[in-house]
Amino acid sequence: MSRQNPNRHDIPAIARNFEIFGEFLEFEPFGNGHINDTYAASYVQGGAVIRYIHQRVNHQVFKNPIAQMENIQRVTAHVRKKLRRTNRLRSTREILTVVSSRAGKPYFIDEDGNFWRTYVLIEGARSFDVANDPDQAFEAARAYGKFQRQLVDFPPPRLHEIIPDFHNTPKRVHSLEIAIREDVAKRVKGARKEIEFALKRKPSASRLLELMHAGAMPERVVHNDTKFNNVLLDDENGEGICVVDLDTVMPGLALYDFGDMVRSTTNSGAEDERDLKRIFMRPDLFEALLRGYLDEAGAFLTDAERKNLAFAGRLITYEIGVRFLTDHLSGDVYFKTHREGHNLDRAHTQFKLVESMEEQEAEMESLVARILKPKRRHARAKK
Ligand code: ADP
Ligand code: GN1
Ligand code: MG
């Protein structure tokens, strides 16, 4: 099992390698991400306490952190330029800010070969693992939609593909099949039902890729990891103010982002809830996501993208379920786990959610159709 041990890293020593002025006060592990080791550290600068995020990049997952930081810097610079034009005060609150190392690099490599980066910590806002109400879902989706919109005119060269085939669902299923065949952790026997569920749905795994290859869906610069807890909501007014976790920002489909919003936000329970009776797709949250996302992305989405909004939710939920199941069968080597069978529980929950979306397919599609329908102007109102 992989766990985060807060004493594992000498954060004050790491922190000294970044361009931060003032006295180091304290640090604590931060957030609930499944991949990196994230810490919030406080400093006293000129009499005020200022916080930064220090983050160890998981280099097992991200094999080329230098290319990753290049992507992150280009993307954040592009968005910041736009923010500055409208409101300079928001330019370090609505997009991540990378803090340079003392050597002038956007990262620092420690003596154990760990790769560290530092961000300005965005204050007065937080992320949630589970959405409480439609307002939160709306705000999160609007923030992710806005992020895509801000990147619609992102200039060449093409961003590095940080993890190739990250959302290639058929390849994810293929990796599952390999894990079943190899059965390295001897867990196949205990996961028969989940395996059967996953393999039965293999035929629909390639729909979005086929549309992309047919030219109906454009490649865009997208976030690729639009989990509900990767967006910060303002403490005071609940507004979705900043999208974080830019590790996987790279070329992809707009619907990968919408799909993962649906997976992580419309769930009636936690991602790893064990009591499956509590898991279903909440249509009120789905509707809020649609409205929030389309508020920003409605202006640029193609017809094929619009028509597949509901399908994308089911596909990405299935895909992440397949990934959790694969990791379980491989002995928990990718996602952080905090208990025995954690990845299997997560897979279980994702598949229950897929089932709930299958049952509510007609309702989801009609919600999409209703929201996309152009508002009819009252003939006389114009006179
Ligand atoms: P992981 O890749 O492991 O998911 P994240 O980059 O998402 O790591 O960081 C983990 C959590 O830390 C996020 O979900 C968010 O709550 C918080 N976080 C990350 N960066 C910032 C930041 N700059 N300001 C405030 N909170 C942040
Ligand atoms: C990981 O990093 P985090 O916790 O935001 C994963 C996503 C999965 C998600 C499932 C780089 O996201 O792809 O959808 O867990 N990130 C990576 O909760 O693999
Ligand atoms: Mg995250």
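Fair warning: this is a prediction, and the values are worked out from it, not measured in the lab. Whatever order the structure lists them in is the order used to number ligands and atoms, beginning at 1. The residues of the chain are indexed from 1 along the displayed sequence.
Residue T38 touches ligand 1 through its side chain alone, judged by heavy-atom distances below 4.0 Å. For K227, every heavy-atom contact with ligand 2 shorter than 4.0 Å involves the side chain, none the backbone. Residue-level proximity to ligand 1 for I53 is carried by the side chain, the only part with a heavy atom below 4.0 angstrom. With a 4.0 Å heavy-atom cut-off, ligand 1 is reached by no atom of D225. Only the side chain of N230 comes within 4.0 Å of ligand 2, counting heavy atoms alone; its backbone N, CA, C and O stay farther away.
Interface of D247 with ligand 1, defined as ligand atoms under 4.0 Å from a residue heavy atom, comprises 2 (O). Residue F324 has at least one heavy-atom neighbour below 4.0 Å for each of these atoms of ligand 2: 10 (C), 18 (O). Listed by number with element, the atoms of ligand 2 under 4.0 angstrom from any heavy atom of G33 are 4 (O). Distances below 4.0 Å separate heavy atoms of L96 from the following atoms of ligand 1: 23 (N). For ligand 1, the atoms closer than 4.0 angstrom to any heavy atom of S127 are 14 (O), 15 (C), 16 (O). Close contacts between ligand 1 and N229 involve ligand atoms 13 (C), 14 (O) [criterion: under 4.0 Å to a heavy atom]. In the vicinity of D245, heavy-atom distances shorter than 4.0 Å reach the ligand 2 atoms 2 (O), 3 (P), 5 (O). For ligand 1, the atoms lying closer than 4.0 Å to a non-hydrogen atom of F30 are 12 (O), 17 (C), 26 (N).
Judged by a 6.0 Å distance limit and a 45° cone about the ring axis, R142 is not positioned over the six-membered ring of Y144.
Of all the listed residues (I122, D129, D245), I122 holds the heavy atom that lies closest to atom 25 (C) of ligand 1.
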* Before giving the answer on side-chain hydrogen bond (donor to acceptor under 3.5 Å, both in side chains), spell out for D37 and Q55 the whole-Å C-alpha distance, their side-chain angles and the decisive distance to 0.1 Å. => CA-CA 6 Å; D37 295 334; Q55 196 169 51; over 6 Å; no
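Remark: ligand 1 and Y119 share no N or O pair separated by less than 3.5 Å (distance only, no angle test). Checked by distance only, ligand 2 and H34 come closer than 3.5 Å through their nitrogen or oxygen atoms. Polar contact check, V120 against ligand 1: a nitrogen or oxygen pair lies under 3.5 Å apart. Checked against a 3.5 angstrom limit, the closest N/O atoms of N230 and ligand 1 fall inside it. The distance criterion of under 3.5 Å between nitrogen or oxygen atoms is met by E271 with respect to ligand 2.
Nearest protein heavy-atom contact of atom 1 (C) of ligand 2 is I35 CG1, 3.8 Å. Closest to atom 3 (O) of ligand 1, if we only count protein heavy atoms, is N36 N, 2.9 Å. Residue, atom and distance of the protein heavy atom nearest to atom 11 (C) of ligand 1 are G31 CA, 3.8 Å. For atom 17 (C) of ligand 2, the nearest protein heavy atom (residue, atom name, distance) is Y334 OH, 3.4 Å. Scanning all protein heavy atoms for the shortest distance to atom 14 (O) of ligand 2 gives I320 CD1, 3.4 Å. Closest to atom 7 (C) of ligand 2, if we only count protein heavy atoms, is D225 OD1, 3.5 Å. Nearest protein heavy-atom neighbour of atom 13 (O) of ligand 2: R323 NH1, 2.8 Å.
In this structure, a donor-acceptor pair under 3.5 Å is present between the side chains of E319 and T169. Between the side chains of D247 and N36, at least one donor N or O lies within less than 3.5 Å of an accepting N or O. Between Y334 and H34, the side chains place no donor N or O within less than 3.5 Å of an acceptor N or O (distance only, hydrogens not considered).
With salt bridges taken as basic N to acidic carboxylate O contacts below 4.0 Å, one links K146 and E94. Using a cut-off of 4.0 Å between Lys/Arg side-chain N and Asp/Glu carboxylate O, K227 and D225 are scored as not salt-bridged. A salt bridge between R90 and E239 is present, with a side-chain N of the basic residue lying under 4.0 Å from a carboxylate O of the acidic one. Using a 4.0 Å cut-off between charged side-chain N and carboxylate O, R207 and E210 make no salt bridge. Salt bridge annotation for R263-E271: present, with a cationic side-chain nitrogen under 4.0 angstrom from a carboxylate oxygen.
Ring geometry for F27 versus F24: interplanar angle of 30 to 60°, hence tilted.
Looking only at side-chain heavy atoms (C-beta outward), N114 and F108 stay at 4.5 Å or farther from each other. Taking the side chain as every heavy atom from C-beta outward, V120 and L96 never approach each other to under 4.5 Å. You'll find the side chain of Q350 stays beyond 4.5 Å of the side chain of E355, heavy atoms only.
Distance alone, capped at 3.5 Å, is enough to place a donor-acceptor pair between the S91 side chain and the R88 backbone.
Just one of R172, K171, H174 meets the side-chain hydrogen bond (donor to acceptor under 3.5 Å, both in side chains) condition when paired with D165; it is K171.
For an aromatic pair to be called close, the ring centres must be under 6.0 Å apart, and Y43 with Y52 satisfies this. Less than 6.0 angstrom separates the ring centroid of Y107 from the ring centroid of F115.
Listed by first and then second residue, the ring-ring contact (aromatic ring centres under 6.0 Å, His included) pairs involving residues 287-323 are F258-Y293 (not counting sequence neighbours).
Ordered by chain and number, N230 OD1, D245 OD2 make up the set of protein N, O or S atoms under 2.8 Å of the Mg ion (ligand 3).
The closest approach between a heavy atom of Q55 and any atom of ligand 1 is below 4.0 Å.
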